[in-house]
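Below: one structure, written as structure tokens.
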Number of protein chains: 2
Amino acid sequence: MPARRQANANSESVDNYLKAILVLGGSTEQRVTSTALANRLGVAPASITNMLQKLAVAPEPMVEYERHRGVRLSPAGRRRALEIVRHHRLIETFLYEILDYPIEEVHDEAERLEHFISERFEERIAAKLGHPKTDPHGQSIPTMEGQMPVREAICLSEALAGGAYVIDSVGERDAETRRRLEATGLRVGIKLQVLPRTSAETCSVSIRRAGQPEDAIDLTAELAGGIRIVPFGI
Amino acid sequence: MPARRQANANSESVDNYLKAILVLGGSTEQRVTSTALANRLGVAPASITNMLQKLAVAPEPMVEYERHRGVRLSPAGRRRALEIVRHHRLIETFLYEILDYPIEEVHDEAERLEHFISERFEERIAAKLGHPKTDPHGQSIPTMEGQMPVREAICLSEALAGGAYVIDSVGERDAETRRRLEATGLRVGIKLQVLPRTSAETCSVSIRRAGQPEDAIDLTAELAGGIRIVPFGI
DNA sequence: CCTATATATTAGGTATACCTAAATCTCTGA
DNA sequence: TCAGAGATTTAGGTATACCTAATATATAGG
């Protein structure tokens with residue numbers, strides 16, 4: 001049974017891939033690597049390749065994909081991804097404002113419901129909320145037309161202690177720094193939580209990787225410098 | 001590859017099977033036939049058999065099933081089915097009362113969302129609505145504990161013109177009536193819509209089968225007599 | 001410049017939930 | 001009572017979305 005690469009409808013899975021590509025690609029729309037996606041989505045890299053191939057050759061292609069060179073959203077893919085993000089953030093706002101959810105519970109609920117609400121539902125909660133511009137976490141809600149105010153990726157040194165983030169990009173740097181970074185296991189797509197500051201140094205920061213609470217990692221200004229992050233929990 | 005019959009988690013599909021068995025079994029909890037389920041769920045009879053076998057041998061069996069003799073919900077299956085019906089009807093009420101949906105749109109939205117809302121969501125909308133007892137169509141909302149006020153199946157002659165129903169049971173009758181009934185294609189599980197009355201005769205009724213709008217069927221009191229129906233759109 | 005290593009892809013499976021076509025039951029009516 | 005019609009089940013496929021293991025590619029460093 002050779003390579004499967006058929007067209008495929010909009011499914012929950014597809015939605016999640018598109019959303020991940022949107023977030024990891026950031027406002028710059030850089031190409032996103034399979035590994036970054038695999039990390040973020042929690043699936044095997046092989047599954048990523050498979051899905052990207054399908055998305056790229058669908059009747060209405062959702063991504064631009066080249067072997068070994070990562071992916072980028074197509075206009076259609078971007079439109080869909082932004083729609084899902086809009087759903088997510090509107091639902092979070094709705095749960096928080098109208099149903100009095102505790103803030104820490106809005107994400108998981110929205111994460112499920114975002115795939116299944118209709119246009120009408122979207123429109124009705126937006127109206128009920130007075131067409132809000134940001135969600136309860138302070139993140140911009142894309143417009144109905146698929147515009148999202150830039151912002152998003154920030155420097156690791158700007159992260160709030162306690163916040164959960166995903167590494168968005170790791171800037172160019174010398175070989176030695178690169179090696180030290182690599183030793184920490186920090187790569188694009190890795191999820192991390194920022195710990196309270198332990199040093200007064202401007203850009204130094206303590207983090208721990210999601211799922212490995214025992215391993216705190218201290219980053220010098222040099223290491224933290226070019227790491228840009230996005231809040232986890234789009 | 002011989003018979004597949006593994007355990008399976010709660011999925012949207014499973015939910016829909018359980019709900020269908022609940023509705024077609026009615027308050028009497030009669031055994032439900034494969035054909036009735038196939039009709040209601042719009043899948044091939046073979047698919048029904050497959051699913052029922054899996055549900056019957058799951059670690060926590062959802063149905064009691066015997067080859068060629070139909071199914072019935074197990075206590076666990078009934079509990080789950082009632083939970084989904086509660087979700088559905090609470091969501092419908094919520095859409096109607098809080099989000100000002102037009103009544104004819106509440107069903108489809110609820111039909112999707114009922115599978116994905118959390119306990120918290122359920123609890124919050126119930127509270128917001130003042131723990132309603134019935135949905136906007138007048139149907140009872142099962143309690144959190146899984147109690148549903150009886151009622152449900154009614155005689156075809158009591159049906160409201162314009163209403164959509166599913167045949168719940170076809171009472172005992174003589175061979176001739178049975179044959180005439182059969183000729184109309186009316187069987188348990190068939191979906192139908194009631195047309196405005198054409199005759200003053202107490203129990204006579206005009207219906208058409210869902211999906212066959214051209215074929216109106218006039219039923220005499222004799223034919224309509226023992227047909228019990230449940231509203232479509234649980 | 002050329003290879004080791006990390007990254008990505010191919011190959012081949014699994015599970016769910018469907019399907020069609022071919023048996024096989026059940027039970028009605030003559 | 002028993003044949004045949006209709007209902008049901010078995011057998012064998014398909015598509016989606018995963019997986020692991022094996023292979024191929026790219027690039028960084030010597």
Side-chain angles (χ1 to χ4, degrees), chain A residues 1-18 20 31-39 41-56 58 65-71 115 170 172-179 181-183 185-190, chain B residues 1-18 20 31-39 41-56 58 65-71 115 172-179 181-183 185 187-190:
Chain A
M1 247 155 271
R4 304 123 270 208
R5 35 178 83 191
Q6 293 87 29
N8 64 325
N10 278 10
S11 71
E12 196 180 340
S13 264
V14 170
D15 285 351
N16 287 331
Y17 277 81
L18 298 178
R31 300 188 94 92
V32 176
T33 66
S34 297
T35 308
L37 285 168
N39 271 300
L41 295 171
V43 301
S47 305
I48 301 289
T49 301
N50 234 267
M51 180 64 99
L52 296 183
Q53 290 176 341
K54 288 198 300 187
L55 292 176
Y65 166 75
E66 281 176 81
R67 288 178 77 217
H68 294 282
R69 345 195 83 258
V71 259
H115 309 289
V170 179
E172 306 294 325
R173 51 229 308 180
D174 63 283
E176 167 61 4
T177 311
R178 222 186 293 129
R179 192 178 307 111
L181 242 187
E182 211 156 75
L186 298 176
R187 294 190 309 279
V188 170
I190 290 291
Chain B
M1 246 157 272
R4 304 123 270 208
R5 36 177 84 188
Q6 294 86 28
N8 64 324
N10 278 10
S11 72
E12 197 180 340
S13 265
V14 170
D15 285 351
N16 287 330
Y17 278 80
L18 297 178
R31 300 188 95 92
V32 175
T33 66
S34 297
T35 307
L37 284 169
N39 270 300
L41 294 172
V43 303
S47 305
I48 301 290
T49 301
N50 235 266
M51 181 63 100
L52 295 183
Q53 289 176 341
K54 287 198 300 187
L55 293 177
Y65 166 75
E66 281 176 81
R67 290 178 73 216
H68 294 282
R69 346 195 82 258
V71 257
H115 309 289
E172 305 295 325
R173 50 229 308 178
D174 63 284
E176 167 61 4
T177 311
R178 223 186 292 130
R179 191 178 311 110
L181 242 188
E182 210 156 76
R187 294 191 309 279
V188 170
I190 291 290

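All values below were derived from every heavy atom in this structure, side-chain atoms included, with hydrogens, water molecules and symmetry-related copies excluded. Here the structure is a predicted model, which means the values were calculated and not measured. Proteins get letters first, then strands, A, B, ... in listed order; numbering begins at 1 in each.
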Inset, instruction - Would you mind telling me which residue lines up with the more 5' stretch of DNA chain D, Arg67(A) or Ile48(B), judged by nearest nucleotide? - result: Ile48(B)
Legend entry - side-chain N/O Tyr17(A) vs dT16(D) OP1/OP2, d < 4.0 Å: no
Inset, instruction - Look at the side-chain N and O atoms of Ser11(A) and state whether any lies under 4.0 Å from the OP1 or OP2 oxygen of dA17(D). - result: yes
Inset, instruction - Let me know the distance between CZ of Arg31(B) and P of dT26(C), rounded to the nearest Å. - result: 13 Å
Legend entry - Within-4.5 Å side-chain heavy-atom neighbours: Ile48(B) and Val71(B): no
Inset, instruction - Quick one: list whatever passes side chain to side chain contact (heavy atoms under 4.5 Å, CB included) with Ala46(B), sequence neighbours left out. - result: none
Inset, instruction - May I ask you to verify if any side-chain N or O of Ser47(B) is less than 4.0 angstrom from the OP1 or OP2 atom of dA17(C)? - result: no
Legend entry - Atom pair distance, as rounded to whole Å: CE in Met51(B) and C1' in dT9(D): 16 Å
Legend entry - Distance, rounded to the nearest Å, where Gln53(B) contributes CD and dC18(C) contributes C1': 15 Å
Inset, instruction - Could you tell me whether Ser13(A) contacts a base, only the sugar-phosphate backbone, or nothing, with contacts defined as non-hydrogen atoms closer than 4.0 Å? - result: sugar-phosphate
Inset, instruction - Tell me, please, which residues at least two apart from Arg67(B) pass side chain to side chain contact (heavy atoms under 4.5 Å, CB included). - result: Tyr65(B)
Inset, instruction - For Thr49(B) and for His68(A), find the nucleotide of DNA chain D with the closest heavy atom, then tell me which residue's nucleotide is more 5'. - result: Thr49(B)
Inset, instruction - Take atom CG of Asn39(B) and atom C1' of dG6(D), then tell me their distance rounded to the nearest Å. - result: 14 Å
Inset, instruction - Return the value, rounded to whole Å, for the distance between atom CG of Asn50(B) and atom P of dC19(C). - result: 11 Å
Inset, instruction - State, with a plain yes or no, whether a side-chain heavy atom of Val14(A) is found less than 4.5 Å away from one of Lys54(A). - result: no
Inset, instruction - Mind calculating the distance between CG (Leu37(A)) and C1' (dT9(C)) to the nearest angstrom? - result: 15 Å
Inset, instruction - Check every strand shown and say whether Gly70(A) touches a base, only sugar-phosphate, or nothing at a heavy-atom separation below 4.0 Å. - result: nothing
Inset, instruction - Report which part of the nucleic acid Ser34(B) touches: base, sugar-phosphate, or nothing (heavy-atom distance under 4.0 Å, all strands). - result: sugar-phosphate
Legend entry - Heavy-atom side-chain contact between Asn50(A) and Ser47(A) under 4.5 Å: no
Legend entry - Distance in angstrom units between Leu41(A) CG and dC19(D) P, rounded: 10 Å
Legend entry - N/O (side chain, Lys54(A)) to phosphate O (OP1/OP2, dA17(D)) under 4.0 Å: yes
